[in-house]
Structure formats: C-alpha cells, structure tokens
Protein chains: 2
Amino acid sequence: MAVRIDEMDRKILSQLQEDASQSLDEIARKVGSSKTPVWNRIRRMKEQGVIGRQTVILDPEALGLEACFFVLIRTSEHEAEWQQKFLRTLRERPEVLEAHRLAGDIDYILKVRVQNARAYDAFYQALISEVKIYNVTALLSMEEIKSTTLLPL
Amino acid sequence: MAVRIDEMDRKILSQLQEDASQSLDEIARKVGSSKTPVWNRIRRMKEQGVIGRQTVILDPEALGLEACFFVLIRTSEHEAEWQQKFLRTLRERPEVLEAHRLAGDIDYILKVRVQNARAYDAFYQALISEVKIYNVTALLSMEEIKSTTLLPL
DNA sequence: GGTGAAAAATGGTGGAC
DNA sequence: GTCCACCATTTTTCACC
C-alpha cells in the first residue's frame with residue numbers, strides 16, 4: 001500500500017481535494033508545472049489507487065437526513081461466520097456511512113445518517129434482528145462542528 | 001434548509017455522487033433527460049447549497065495516514081468562551097476530520113486521522129494543553145469496514 | 001420546462017526538445 | 001521528463017418551442 005509520493009504529487013492532490021472541478025491548466029499553474037506532467041501524475045495516482053472516486057459532497061440536511069448517530073457496539077460473538085454476516089449487513093445498509101472494527105472493549109463503531117430518530121430505530125431493530133449483539137450505545141449528534149473529506153497532506 | 005427536490009433531482013444527485021467526472025450527456029442519458037435541463041438543475045442545486053464541494057477521495061493508507069481514532073470527550077466546562085476556543089481548535093486542526101457535539105453524557109466525538117499512534121499522542125497533548133477537558137477516551141480503529149461519502153437518496 | 005445548435009473551454013494525445 | 005500544439009469532446013450559453 002505504501003506508494004512513493006513527492007512534493008509535486010502532494011500539491012496536485014491538495015488541489016484536487018480542494019476542488020476537483022478545476023481544469024488541468026488551472027491546477028498546473030497553481031502547482032507551478034504544466035498540463036502534461038500534471039496529467040501523467042494524476043493518471044499514475046489513479047492507477048495506484050491513491051486517487052479514488054471523484055464525487056460531490058451533498059448537504060444531508062437539505063436532503064432531509066437530519067439525524068446523525070454514532071453507534072458503539074459490543075458483541076459476545078467472535079466467530080468468523082457471525083462476523084461475516086455482520087459485516088455484510090453493514091456494507092449493504094446505505095445509512096451506514098462508516099463502520100470500523102476497534103481495539104479495546106468496544107468492538108465496533110458506526111456512523112449512521114437517517115431522516116430522524118424513528119428511522120434510526122427502524123435501522124437498529126433491523127440490525128439486531130439480523131445479528132446477535134451484546135450491547136449497543138447510540139450517541140446522537142446535536143451539531144456537526146466539522147465534517148471534511150480533506151486529508152491532511 | 002429544507003429544499004424542494006424531485007425524483008429527477010435525486011437521480012442526478014445519485015449519479016453525481018457515484019461519479020462526478022461523468023459528462024453531462026452521460027448523466028442526462030442515464031436519468032432519462034437531456035443536457036440543458038440537467039445542467040440547469042445542477043446549477044440550481046449548487047446555488048441552493050444542496051451540492052457542495054466537488055472533490056476526489058484519497059486513500060489515507062497510501063498517504064501514510066495509517067491510524068484512525070475516534071475520540072470521546074467529556075468536559076466540565078460549558079461556558080461560551082471555553083466552547084468557542086475548543087471549536088476553533090478543532091476546526092483549525094487538519095487531522096480532525098469530523099467533530100460533533102453530542103446529546104447525553106459524552107459531550108463530543110471526534111474522528112482523527114494521523115500517521116501513527118505517536119502522531120495521535122502529539123495531537124492529544126496539543127489539544128489538552130489548549131483547552132481544559134475532563135475526560136478523554138480514544139478508540140483505535142483496527143479495520144475500516146466501510147467508509148463512504150454517498151448519502152442514501 | 002424542454003430541444004437543438006453554436007461558441008468557448010477543456011481533456012487527452014503525440015511529437016519536439 | 002517538460003513544453004507545445006493539435007483535435008475531439010464537453011461545457012456553457014442562447015434563441016426557440
């Protein structure tokens with residue numbers, strides 16, 4: 001997974017993160033290079049998987065997704081089969097935006113975006129009916145102080 | 001913040017989320033419309049703020065950001081001035097990718113991306129030296145099961 | 001609100017240095 | 001590896017339905 005990235009690559013990535021709709025010429029000018037080398041570097045980084053999906057960030061509130069929960073999960077089951085099913089469920093559910101397996105006494109954390117508390121409860125009921133879970137704590141977000149996809153470069 | 005979005009808008013947003021590098025023609029064809037109306041709808045939704053930043057998703061591992069922590073914070077301070085400073089600190093720190101104020105006994109949750117455990121400790125020390133915090137629990141991610149910016153439409 | 005065409009800008013490629 | 005110029009595609013605007 002380790003990939004050689006030099007200063008010029010970092011500058012290009014930074015520009016792309018900031019605004020991927022910029023033209024090649026514009027990016028080239030800002031990073032102090034010209035079109036072809038910038039284009040070649042971008043192509044290489046896409047092939048290597050450093051650069052992934054190109055997307056737009058939507059406003060969840062405007063789309064009626066007004067509730068955001070962080071869900072802390074403890075489980076008693078640690079068998080492979082149980083885990084497979086659990087992971088599949090999480091990946092299939094579009095309201096699960098993030099899922100991590102953790103070190104320590106909490107086993108998993110999820111970030112879940114839904115319309116409202118009732119929609120969260122529906123998700124929760126569906127989840128626990130599909131897989132056995134020992135303990136669940138839901139943390140309700142009152143205010144999104146910060147939310148960014150921009151990685152520090 | 002509530003905005004009128006019809007079925008066609010949703011289809012367009014879905015396509016843009018999936019792949020923002022698609023041409024207008026391609027999007028128009030997929031949603032069963034044509035170029036100009038799709039373009040007008042996209043422009044309107046950008047003005048309304050439904051569509052925000054256009055960006056690329058980078059692979060954190062490839063960039064050497066191999067550690068991801070979720071940080072649960074309890075604080076004894078609830079004064080306006082303290083909060084102002086705390087929020088400013090979070091917004092300024094690029095390693096803080098998400099920050100939410102919570103309901104319940106945990107006051108804040110952060111998602112923090114750093115190179116390694118040492119870099120996290122540096123962040124943690126900097127944070128507690130800037131603002132007084134009652135209790136901090138760091139959850140270390142062992143495995144990113146899912147991470148998406150695609151909102152359910 | 002949709003269609004089609006035309007002008008301006010951009011992406012992608014190949015050749016010279 | 002960088003610069004430059006070329007052409008096909010795409011974006012963006014506009015007049016018309």
Side-chain angles (χ1 to χ4, degrees), chain A residues 1-65 148-151 153, chain B residues 1-64 148-153:
Chain A
M1 266 297 187
V3 173
R4 290 176 51 86
I5 299 283
D6 65 15
E7 261 316 298
M8 182 58 75
D9 288 329
R10 292 193 119 79
K11 285 188 194 170
I12 294 170
L13 291 177
S14 181
Q15 286 301 320
L16 285 176
Q17 282 201 121
E18 275 290 329
D19 180 3
S21 73
Q22 291 176 98
S23 73
L24 275 178
D25 280 325
E26 214 167 337
I27 295 170
R29 190 175 47 77
K30 286 186 186 168
V31 303
S33 180
S34 59
K35 219 165 68 163
T36 314
V38 170
W39 192 82
N40 283 323
R41 282 163 183 269
I42 291 175
R43 188 170 48 79
R44 182 173 46 78
M45 290 192 282
K46 279 184 179 164
E47 282 166 9
Q48 290 173 330
V50 180
I51 298 176
R53 185 193 293 278
Q54 181 162 337
T55 189
V56 293
I57 303 303
L58 305 182
D59 178 2
E61 311 271 334
L63 296 164
L65 297 168
T148 184
T149 61
L150 305 189
L151 299 179
L153 299 171
Chain B
M1 265 299 186
V3 173
R4 289 175 50 87
I5 299 284
D6 65 15
E7 260 316 297
M8 182 58 76
D9 288 329
R10 292 193 118 79
K11 284 188 194 168
I12 294 169
L13 291 177
S14 181
Q15 286 301 320
L16 285 176
Q17 282 201 124
E18 274 291 328
D19 179 4
S21 71
Q22 291 176 99
S23 74
L24 274 180
D25 276 326
E26 213 166 341
I27 295 170
R29 189 176 47 76
K30 286 187 187 167
V31 302
S33 180
S34 59
K35 228 163 46 171
T36 312
V38 170
W39 193 82
N40 283 325
R41 282 163 183 268
I42 290 174
R43 189 168 48 80
R44 183 173 46 79
M45 289 192 284
K46 279 183 179 166
E47 283 165 9
Q48 290 173 331
V50 180
I51 299 177
R53 187 193 292 278
Q54 181 162 335
T55 190
V56 292
I57 304 303
L58 305 183
D59 178 0
E61 310 272 334
L63 296 164
T148 183
T149 60
L150 304 188
L151 300 179
L153 299 172

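A note on names: the letters A, B, ... follow the listed sequences, proteins ahead of strands, and every chain is numbered from 1.
Of all nucleotides in DNA chain C having an atom under 4.0 Å from a heavy atom of chain B, the first and last in 5' to 3' order are C:dG2 to C:dG4.
Considering all non-hydrogen atoms of both residues, B:Q17 and B:L153 come closest at NE2-CD1, 3.6 Å. B:A20 and B:Q54 make their closest contact through O-NE2, 3.7 Å (heavy atoms, listed as atom of the first residue, atom of the second, distance).
Identified under the side-chain hydrogen bond (donor to acceptor under 3.5 Å, both in side chains) test for residues 27-38 of chain A, with sequence neighbours left out: A:Q22-A:K30.
Between B:L13 and the choices B:V31, B:V50, B:L151, the side-chain contact (heavy atoms from CB on, under 4.5 Å) rule is met once, by B:V50. Partner of A:D9 under the salt bridge (Lys or Arg N to Asp or Glu O under 4.0 Å) criterion, chosen from A:K46, A:R4, A:R43, A:R44: A:R44.
To the nearest 0.5 angstrom, A:L58 atom CG is 8.5 Å from B:M45 atom CE.
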TODO: Would you sort out whether B:E7 and B:K11 count as a salt bridge (charged side-chain N to carboxylate O under 4.0 Å, His left out), showing the intermediate values?
DONE: CA-CA 6 Å; B:E7 260 316 297; B:K11 284 188 194 168; 5.9 Å; no

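A:L24 comes within 4.0 angstrom of the backbone, heavy atoms only, and of no base.
Of the two residues contacting DNA chain C, namely A:S21 and B:M8, the nearest-nucleotide position lying further toward the 5' end is that of B:M8.
Non-hydrogen atoms lying under 4.0 Å from DNA chain C are contributed by B:S34, B:T36, B:P37, all within residues 27-44 of chain B.
For the pair A:R53 (side chain) and B:D19 (backbone), a donor-acceptor distance under 3.5 Å is absent.
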